[in-house]
Each structure stands twice: as C-alpha cells, then as structure tokens.
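The structure under discussion appears below in the form of structure tokens.
Sequential numbering from 1 along the given sequence is applied to the chain's residues.
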Amino acid sequence: MTTADQIELNIRIDKRVKQRLIDEASRQGFEIDVFCQQAIQQALEDGKAEESVKETNLQLFERLLEERDEQFGDRRFLKTGVELIREARELRSKQMDEW
C-alpha cells in the first residue's frame, strides 16, 4: 500500500529474476517491496544505476572484444564452439554405441 508521498512503480522482469528477488528478500527477512526499494536506493547512492545507463550495448561489445584480444591475442581458432560441440557429441555417441 502506498502512502501520500509514494507512488507505485511497475516493471517487467524475467520470472527467474523475480524468484531470485523473492528468495533473497525472504532470506534477509524483508518483504519484497521493501527489499527492492532498499536495493534501488543503494544502487542510486553508489552511482551504479547511472553508470549502467550510460554504458551502451556498443560499449559493452567493444569491451568484450578488447578482453578477447587481451586473452587470445592474434591466436585464432580453426573451428567455432558450435563445431567443437557437435564433434564432441558425435564422439560421445560413438562411445555410447560401443558400450
């Protein structure tokens, strides 16, 4: 229930995120609305909300590419992850057939 100085805020979230919020609020002994309000206030105070809004998808992608280059350098792989998974599945199927 909202008071005179409060408004109701509705957001759409994934079902799994909702369940995680409920579980964490329960674990800490809070009602879900109190828990969420405290989390939002803390994020605003820490400036995390402002930083996450400013960082665009392009910036995230560029950061990912930079991290990839740092980890792997000029090394390139001959096969994609999908191809490696398919080969591993085929190998596993052959092994299971032999059993």
Side-chain angles (χ1 to χ4, degrees):
M1 187 101 182
T2 59
T3 61
D5 61 336
Q6 295 178 330
I7 61 166
E8 186 171 322
L9 173 66
N10 294 310
I11 61 170
R12 289 187 176 101
I13 58 173
D14 187 88
K15 289 179 183 179
R16 291 173 288 182
V17 173
K18 179 183 176 184
Q19 189 58 50
R20 288 178 60 199
L21 287 170
I22 291 169
D23 293 344
E24 187 62 23
S26 176
R27 188 182 70 76
Q28 292 188 23
F30 293 107
E31 291 182 12
I32 187 70
D33 57 339
V34 173
F35 177 78
C36 290
Q37 185 175 358
Q38 289 177 348
I40 291 168
Q41 289 173 340
Q42 184 65 43
L44 290 172
E45 289 170 9
D46 292 346
K48 291 178 184 175
E50 183 178 333
E51 290 176 11
S52 66
V53 170
K54 288 182 180 179
E55 192 166 33
T56 65
N57 288 340
L58 180 59
Q59 290 169 325
L60 290 171
F61 184 70
E62 288 173 351
R63 197 171 79 213
L64 178 66
L65 292 177
E66 289 172 7
E67 289 178 16
R68 182 202 61 189
D69 292 341
E70 286 176 16
Q71 290 181 8
F72 299 110
D74 291 337
R75 182 174 41 167
R76 296 292 180 243
F77 299 99
L78 299 176
K79 298 181 181 180
T80 66
V82 172
E83 292 170 325
L84 293 171
I85 290 170
R86 285 184 182 144
E87 285 181 8
R89 286 180 177 166
E90 286 177 25
L91 179 61
R92 182 189 64 204
S93 295
K94 288 177 185 177
Q95 290 173 339
M96 291 177 70
D97 289 341
E98 292 174 2
W99 294 344

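- For F72, the ring pair (Phe, Tyr, Trp, His ring centres under 6.0 Å) partners two or more places apart in sequence, or in a different chain, are F77.
- The side-chain contact (heavy atoms from CB on, under 4.5 Å) test applied to I11 returns L9, I13, not counting sequence neighbours.
- Linking ILVMFWY side-chain heavy atoms closer than 4.5 Å, directly or via other members, places F35 and I40 in two distinct hydrophobic clusters.
- Looking at heavy atoms from C-beta onward, E87 lies out of side-chain contact with L91 at the 4.5 angstrom threshold.
- With sequence neighbours excluded, no residue forms a salt bridge (charged side-chain N to carboxylate O under 4.0 Å, His left out) with E62.
- Judged purely by distance below 3.5 Å, without hydrogens or angles, the side chains of D23 and Q19 pair a donor atom with an acceptor atom.
- Residues satisfying the salt bridge (charged side-chain N to carboxylate O under 4.0 Å, His left out) test with D74, not counting sequence neighbours, are none.
- Counting only residues at least two apart or on different chains, no salt bridge (Lys or Arg N to Asp or Glu O under 4.0 Å) pair has a member in residues 89-99.
- We find the CD-CZ distance between Q59 and R63 to be 9.0 Å, quoted to the nearest 0.5 Å.
- Criterion: ILVMFWY side-chain heavy atoms under 4.5 Å apart, direct or through other members. Under it, V17 and I32 are part of a common hydrophobic cluster.
- Between the CD atom in Q6 and the CD atom in Q37 there is a gap of 6.0 Å [rounded to 0.5 Å].
- Atoms CD and CD, from Q71 and E67 in turn, are 7.0 Å apart once rounded to the nearest 0.5 Å.
- With sequence neighbours left out, R27 forms a side-chain contact (heavy atoms from CB on, under 4.5 Å) with E24.
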